[in-house]
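Down below is the structure, laid out as structure tokens.
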Amino acid sequence: MKRVSLYILLLTLFCAGCNPVEPVPNDSLSILSGVTNNTLTLDGEVGSQATFAISSKLAWEVLDTPGVEYSPANGEATTKTTITATATEANLTLQSRKLGDVVIRLSRTRFTGIEAHQKPQIVVEEQYRESIAIAPEQNSATEVTFECKNSDFEVISEGEITISQPKVVGTNKYRITISTTKDNLSSERHTAGYIGFKVGGERLTGKIAVIQQPAISFDRSRIIINGTAGATMTINVDTPFDFDATSSSTNLTVQRGEGQSVILTVKERNSSDSERKVAQMTVTLKDNPACKATIEVWQRKERADQALLFYFLGTSLKGYYQSNLAMVESLASKGVLDNSRVIVFLQNSTNSGSMFEIRYDSDSKRVVRDQIADYDLPAVYNEQMLYNIFNDLFATAPAAEYGLYVGSHGRGWIPKIESSTGLTTYQTAIEERIWTPAPGAAMVRHIGDTTATQLNTTEFAQAIARTGVHLNYIIFDVCYMANVETAYDLKGVTDYILGSPCEVMAAGMPYTDMIPTMVSNAPLKERLDSAAKAFVDYYKINKEGIYSSACSAVIACNELEALAQSVKLTNQSMKDIDPATIQVYDGISASRNPTHIFFDLEHYITQSCTDSNAVKAFTDQLSRTLSGQHHTTTFYSAYNNKANPITDYCGLTTSAPIMLNTASAYRDDWTTTAWYKATH
């Protein structure tokens, strides 16, 4: 058993005659077990016991602690002795209490550092030990669970509340329902009553307040609306009662929406360099006009410095998305995102999604999620669905710089199957054979695709183009998207793409490390290169085995047309080679497909082209097109469930080598890509 060191305090040193006594060495006494965080804890009842074990090099004695007896209380030197502590009195409060120090004497030296604590006899759920919050309307109810080892107890109520008979919900566990008997029609919290307890006929000291919430409240300290003229925002007023809402300024109109919602519209744009106060909104109860609550409405500047737009599609990765967003919220709480807007689209279920803004509320000192819109998703995803979401994302956060962060499943340029019905046996076989993970594979961002949720890269590009917004960059937290066929489809809608040529582990990118770089004042390309390095370094440093897998590249989209022309030149002098000799970035084996699908572009061209001048022109152009190329020593693929070697790396893939085998899947599809047409 692991030995736990005892904090030691030398209290007294006696003298014998004129000669000092030799001090006891610090390692003479150790606590072996039974003590947590230097605390020995007993239950609240008389006679409750706790044990701890010691080792001692000298004779020892446990001195008296108020309310505790020890057995044995003394002994000779020992390698291990277990001591039982027994409570001699009950804890008659509702809180844990300190009984005193556990003092052990060796020779004439006393050692301490351990405290004896006693739990209450009634242990209430932690969030309810000080007070119990309840809604403002009459007959509102809440349930409270508590523990008591003594079945002879009674729950006592005071004030404008009622309490149900305790219901047994487990061993020594009980649950009561607390209800209010009156409405709280005030704008302040109201103490409706108290609950207390008797155990064994004795009233415990202390009681728990039952607090009714105000009749009107807001989930934020102020409302922040967009900076454009005509910007609207819908908020919910937290009240169960009917109300009126008014504005203090003609620059802001207020009208009731559905349910308890209010629709705010600001008339003028904010052309200043900072937020400004627009008006004060007042909510008044119809049944009690004296009950009012006010909240300030502020307007952002018309254009933010940066908009960080998150598009998280798919339900199998939802838990990982929440972890990613927790990283973003952590950055917001630290003020890292002060000059940026963060808007998120998150899929909630197979047929629904929601959009919200993440921001730090400086008044309440907490991160909030302001709801923007809810979406019903079609049974089969399509370009129109994408357009609707992207249009709302971009319109919500006008900015000088737009960055789109995509979390989803991905297969690069590979086309979707157009319908989930009427598939040929051949089509179904291709999907099942190629895109089914190996048994026991770790989860990556690619796993989970279904036919109905697939979208082509051309649809993705067209949906963005229709919004009229040109993105400054896209970060694909998605598998296989550092792919030249994909990038060529997207070159007209963004300046840069940061992606991975291989699969991305399910945990995704480390936004805590990447986003601070992206919101800095450095040139955009430098920021993306730094973010690409941070992504790979995270998996190099923090992960082991197959999980130490990450590859990155940054693609300059304005160089892709020139890259296509250089590849077109190399295609005039190509020789047949064995595709098995080219660096690949997927684990799709011959049993799944005659060849792999994603090959290193540079390795393929340099091994296949016989024209050295054309190769030189290609590599020169590639260096202008790519940056931020980083990788771990191997890459993991769920399709062979192993770490695969990386010997040649440019960071950008192509599927051109599938043409070297007539039985390759997607061979005909590849010849329809815009990249193929531009390079042949």
Side-chain angles (χ1 to χ4, degrees), residues 412-413 473 476 480-491 494-502 523-526 528-530 532-533 535-536 550-586 595-635 644-660 670 673-680:
W413 68 273
Y473 64 90
F476 279 113
Y480 300 129
M481 299 304 280
N483 165 250
V484 72
E485 290 86 357
T486 298
Y488 197 77
D489 282 341
L490 298 173
K491 65 182 174 60
T494 184
D495 294 334
Y496 292 95
I497 295 170
L498 190 166
S500 171
C502 59
L524 178 55
K525 183 175 177 297
E526 291 182 16
L528 287 164
D529 289 349
S530 295
K533 184 176 186 300
F535 165 40
V536 175
C551 296
S552 69
V554 176
I555 306 163
C557 293
N558 65 344
E559 297 288 347
L560 283 169
E561 193 59 61
L563 183 67
Q565 294 308 307
S566 71
V567 171
K568 186 173 185 177
L569 184 61
T570 65
N571 282 336
Q572 297 174 12
S573 305
M574 300 293 279
K575 64 180 179 181
D576 287 340
I577 61 170
D578 183 357
T581 64
I582 308 169
Q583 174 72 57
V584 295
Y585 293 100
D586 63 64
T595 65
H596 294 275
I597 294 175
F598 298 103
F599 299 81
D600 187 272
L601 175 63
E602 183 176 25
H603 198 219
Y604 167 64
I605 295 294
T606 56
Q607 295 300 304
S608 303
C609 183
T610 60
D611 183 341
S612 59
N613 291 329
V615 170
K616 177 65 165 59
F618 161 75
T619 55
D620 287 348
Q621 179 56 40
L622 188 67
S623 67
R624 291 188 288 270
T625 307
L626 292 181
S627 60
Q629 300 130 296
H630 303 279
H631 63 87
T632 47
T633 55
T634 58
F635 73 89
N644 301 276
I646 298 176
T647 57
D648 295 271
Y649 186 84
C650 80
L652 188 64
T653 65
T654 181
S655 296
I658 66 175
M659 299 301 291
L660 299 174
W670 185 73
T673 63
W675 174 255
Y676 174 85
K677 294 173 182 177
T679 55
H680 288 80

Nearest 0.5 Å, please: how far is [atom2] in [Y] from [atom1] in [X]?
{"X": "Lys568", "Y": "Trp675", "atom1": "NZ", "atom2": "CH2", "answer": "11.5 Å"}
{"X": "Leu563", "Y": "Leu652", "atom1": "CG", "atom2": "CG", "answer": "7.0 Å"}
{"X": "Ser655", "Y": "Ile597", "atom1": "OG", "atom2": "CD1", "answer": "6.5 Å"}
{"X": "Gln629", "Y": "Lys533", "atom1": "CD", "atom2": "NZ", "answer": "14.0 Å"}
{"X": "Asn558", "Y": "Arg624", "atom1": "CG", "atom2": "CZ", "answer": "11.0 Å"}

Under 3.5 Å, is there a donor-acceptor pair between the side chain of [X] and the main chain of [Y]?
{"X": "Tyr649", "Y": "His630", "answer": "yes"}
{"X": "Asn644", "Y": "Phe635", "answer": "yes"}
{"X": "Asp489", "Y": "Trp413", "answer": "no"}
{"X": "Glu559", "Y": "Gln621", "answer": "no"}

Where do [X] and [Y] come nearest, in terms of heavy atoms and distance?
{"X": "Thr494", "Y": "Ile497", "value": "CG2-CG1, 3.8 Å"}
{"X": "Gly628", "Y": "Ser552", "value": "O-OG, 2.9 Å"}
{"X": "Ala564", "Y": "Thr679", "value": "O-CG2, 3.5 Å"}
{"X": "Leu498", "Y": "Ala532", "value": "CD1-N, 3.7 Å"}
{"X": "Pro657", "Y": "Pro579", "value": "O-CG, 4.2 Å"}
{"X": "Ile555", "Y": "Ala487", "value": "CD1-CB, 4.0 Å"}

Can you give the donor-acceptor pairs under 3.5 Å from side chains of residues 603-612 to other protein atoms, not counting sequence neighbours?
unit_1 : atom_1 : unit_2 : atom_2 : d
His603 : ND1    : Gln583 : N      : 3.0
His603 : NE2    : Asp648 : OD2    : 3.4
Thr606 : OG1    : Glu602 : O      : 2.8
Thr606 : OG1    : His603 : O      : 3.2
Ser608 : OG     : Tyr604 : O      : 2.8
Thr610 : OG1    : Ser573 : O      : 3.1
Asp611 : OD1    : Asn613 : N      : 3.0
Asp611 : OD1    : Ala614 : N      : 3.2

Non-neighbouring partners of Lys525 that pass salt bridge (Lys or Arg N to Asp or Glu O under 4.0 Å), sequence neighbours left out: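 Lys525 satisfies salt bridge (Lys or Arg N to Asp or Glu O under 4.0 Å) with Asp529 once adjacent residues are dropped.
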Name all residues meeting the salt bridge (Lys or Arg N to Asp or Glu O under 4.0 Å) criterion together with Lys616; count only those two or more places apart in sequence or in a different chain, and write none if there are none.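 Only Asp620 meet the salt bridge (Lys or Arg N to Asp or Glu O under 4.0 Å) criterion with Lys616.
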Partner residues of Lys491 under the side chain to side chain contact (heavy atoms under 4.5 Å, CB included) criterion, sequence neighbours left out: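 Listed in chain order: Tyr488, Cys557, Leu560, Glu561.
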Trp670 vs Tyr676 aromatic rings, parallel, tilted or perpendicular, using cut-offs 30° and 60°?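 Perpendicular, since the angle between the ring planes exceeds 60°.
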For the residue pair Phe599 and His596, categorise the inter-ring angle as parallel (less than 30°), tilted (30 to 60°) or perpendicular (more than 60°).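 Perpendicular, since the angle between the ring planes exceeds 60°.
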Yes or no on side-chain contact (heavy atoms from CB on, under 4.5 Å) for Ile646 and Cys551, after CA distance, side-chain angles and deciding distance? CA-CA 10 Å; Ile646 298 176; Cys551 296; 3.7 Å; yes
Going by ring-ring contact (aromatic ring centres under 6.0 Å, His included), name the residues that satisfy it together with Phe618, two or more places apart in sequence or in a different chain.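 For Phe618, no residue satisfies ring-ring contact (aromatic ring centres under 6.0 Å, His included) once neighbours in sequence are set aside.
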Which residues satisfy the side-chain hydrogen bond (donor to acceptor under 3.5 Å, both in side chains) test with Thr653, sequence neighbours excluded?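 Per chain and number, Thr653 pairs via side-chain hydrogen bond (donor to acceptor under 3.5 Å, both in side chains) with Asn483.
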